[in-house]
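Below is one structure, written out as structure tokens; comments come after it.
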Amino acid sequence: EPFSSSRSVSFKPLVGNNGLQFSIEAATIGDVPVPPALLGAAEATLNGTLGEAIAQLPANVALQSVMVGEGVLLVNGGRGQ
């Protein structure tokens, strides 16, 4: 039978070498912490998907910064020289 529960994920965005990655620090479902092995698998999937998307950017576009807020992810980039 379906159930509902709160979920929480704590992560850190990183921009470098014209790439964007996330480091998942912790996650919980209800009051239960998500095991590190599952966090690692989720992080690898997320970063792989991001890498594929960023690889589609034109060669002269470089990522510069990322900002995360409540329900918002803002990625800034610009044209390279």
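- For Ser8, there are no side-chain hydrogen bond (donor to acceptor under 3.5 Å, both in side chains) partners at least two apart in sequence or on another chain.
- Grouped with Leu74 in one hydrophobic cluster are Met67, the linkage being side-chain heavy-atom contacts under 4.5 Å among Ile, Leu, Val, Met, Phe, Trp and Tyr residues.
- Sorted by first and then second residue, the ring pair (Phe, Tyr, Trp, His ring centres under 6.0 Å) pairs involving residues 48-68 (not counting sequence neighbours) form an empty list.
- Among residues two or more places apart in sequence or in another chain, the side chain to side chain contact (heavy atoms under 4.5 Å, CB included) test is passed with Val9 by Phe11, Ile24, Ala27.
- Judged as a side chain to side chain contact (heavy atoms under 4.5 Å, CB included), and not counting sequence neighbours, the contacts of Ser5 are Phe3, Ile29.
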Please tabulate, one pair per line, all N/O donor-acceptor pairs under 3.5 Å involving side-chain atoms of residues 46-58, not counting sequence neighbours.
from, atom 1, to, atom 2, distance (Å)
Asn47, OD1, Phe22, N, 2.7
Asn47, ND2, Phe22, O, 3.0
Asn47, ND2, Glu43, O, 3.3
Thr49, OG1, Thr45, O, 3.0

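- Applying the ring pair (Phe, Tyr, Trp, His ring centres under 6.0 Å) test to pairs two or more places apart or on separate chains, none has a residue in residues 27-69.
- Residues Leu39 and Val68 are members of one and the same hydrophobic cluster, defined by side-chain heavy-atom contacts under 4.5 angstrom among Ile, Leu, Val, Met, Phe, Trp and Tyr.
- Pairs passing the ring pair (Phe, Tyr, Trp, His ring centres under 6.0 Å) check and including a residue from residues 41-69, sequence neighbours excluded, do not occur.
- Within the structure, no pair that satisfies the ring pair (Phe, Tyr, Trp, His ring centres under 6.0 Å) test touches residues 48-74, not counting sequence neighbours.
- Taking Ser23 as the reference, Glu25 meet the side-chain hydrogen bond (donor to acceptor under 3.5 Å, both in side chains) condition, with sequence neighbours excluded.
- Using a 4.5 Å cut-off between side-chain heavy atoms of Ile, Leu, Val, Met, Phe, Trp and Tyr, Val32 forms no hydrophobic cluster with any other residue.
- Sorted by first and then second residue, the side-chain hydrogen bond (donor to acceptor under 3.5 Å, both in side chains) pairs with a member in residues 64-76 read Ser65-Asn76; sequence neighbours excluded.
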